[in-house]
Amino acid sequence: MTIHHDTRPTLNVIRLANGEGLDLPAYESKGAAGMDLRAAVDADAPLTLLPGKRALVPTGFIFEIPEGFEGQVRPRSGLAFKYGMTCLNSPGTVDSDYRGEVKVLLVNLGEETFIVERGMRIAQMVIAPVTQARIAEIAEASETARGAGGFGSTGV
Ligand SMILES: O=c1ccn([C@H]2C[C@H](O)[C@@H](COP(=O)(O)OP(=O)(O)OP(=O)(O)O)O2)c(=O)[nH]1
């Protein structure tokens, strides 16, 4: 018999008052990269986003991102395709030392007004490993075959 240990990092979540009754963020399929984030707007006061407008939408949770990881807040492709609803700062960065409520910076790039209702799955968050570099200033850049070529220097 093989014992399988759960090697996944633990994501502690803290429910805030405005998150009362909301489903916990969850992976919607076995292999989903991101967990869906829900809108913690007031049930009696949905958020109206006119075309071209943006809003910071609360999720109702604090996430303790494990050290060595970040949370990437990204759009859901269905909302983007159907309604032009996306995250303005995509991918949003949630730092491992952040202890405030995670919020989603939604923008309506569609032609129609979009209504954000309580519990609506508005974005997804991916937990990804991240490295902090040691920063060292040096006098000259080392030589490479590419050199300073970039921005299409190899052709289309
Ligand atoms: O989509 C996002 C992006 C950020 N944050 C939170 C978590 C993150 O740790 C914090 C700061 O984000 P960021 O570093 O991108 O913002 P900043 O403009 O540099 O602000 P600060 O000066 O507070 O770091 O805001 C969110 O809740 N959602």
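Predicted, not measured: the structure shown is a model, and the values here were computed from it. Order of listing sets the numbers, starting from 1, for every ligand and every atom in it.
Closest non-hydrogen pair, Arg99 versus Phe63, comes out as NH1-O, 4.5 Å. Closest of all the heavy-atom pairs between Arg118 and Leu22 is NH2-CG, 3.6 Å. When all heavy atoms of Glu117 and Val41 are compared, the closest pair comes out as C-CG2, 3.7 Å.
Distance check on atom 1 (O) of ligand 1: some protein heavy atom falls below the 4.0 Å cut-off. Counting only heavy atoms, the protein never gets under 4.0 Å from atom 17 (P) of ligand 1. Within 4.0 Å of atom 21 (P) of ligand 1, not a single protein heavy atom is present.
With contacts defined as side-chain heavy-atom distances shorter than 4.5 Å, the pair Pro25/Phe61 qualifies.
Distances below 4.0 Å separate heavy atoms of Val94 from the following atoms of ligand 1: 7 (C), 8 (C), 9 (O).
Using a 4.5 Å cut-off between side-chain heavy atoms of Ile, Leu, Val, Met, Phe, Trp and Tyr, with links allowed through other members, Phe69 and Val130 fall into different hydrophobic clusters.
Under a 4.0 Å heavy-atom criterion, Val102 is in contact with ligand 1.
Of the protein's non-hydrogen atoms, the one nearest atom 27 (O) of ligand 1 is Lys103 N, 3.0 Å. Nearest to atom 7 (C) of ligand 1 among the protein's heavy atoms is Tyr98 CD2, 3.4 Å. Counting protein heavy atoms only, atom 9 (O) of ligand 1 is closest to Asp95 OD2, 2.6 Å.
A salt bridge is defined here as a Lys NZ or Arg NE, NH1 or NH2 lying under 4.0 Å from an Asp or Glu carboxylate O, and Arg38 with Asp23 meets this definition.
Taking each of Asp97, Leu106, Thr93, Asn89 in turn, the one with a heavy atom nearest to atom 12 (O) of ligand 1 proves to be Thr93.
Side-chain atoms of Tyr83 never come within 3.5 Å of backbone atoms of Thr86 as a donor-acceptor pair (strictly under, hydrogens ignored).
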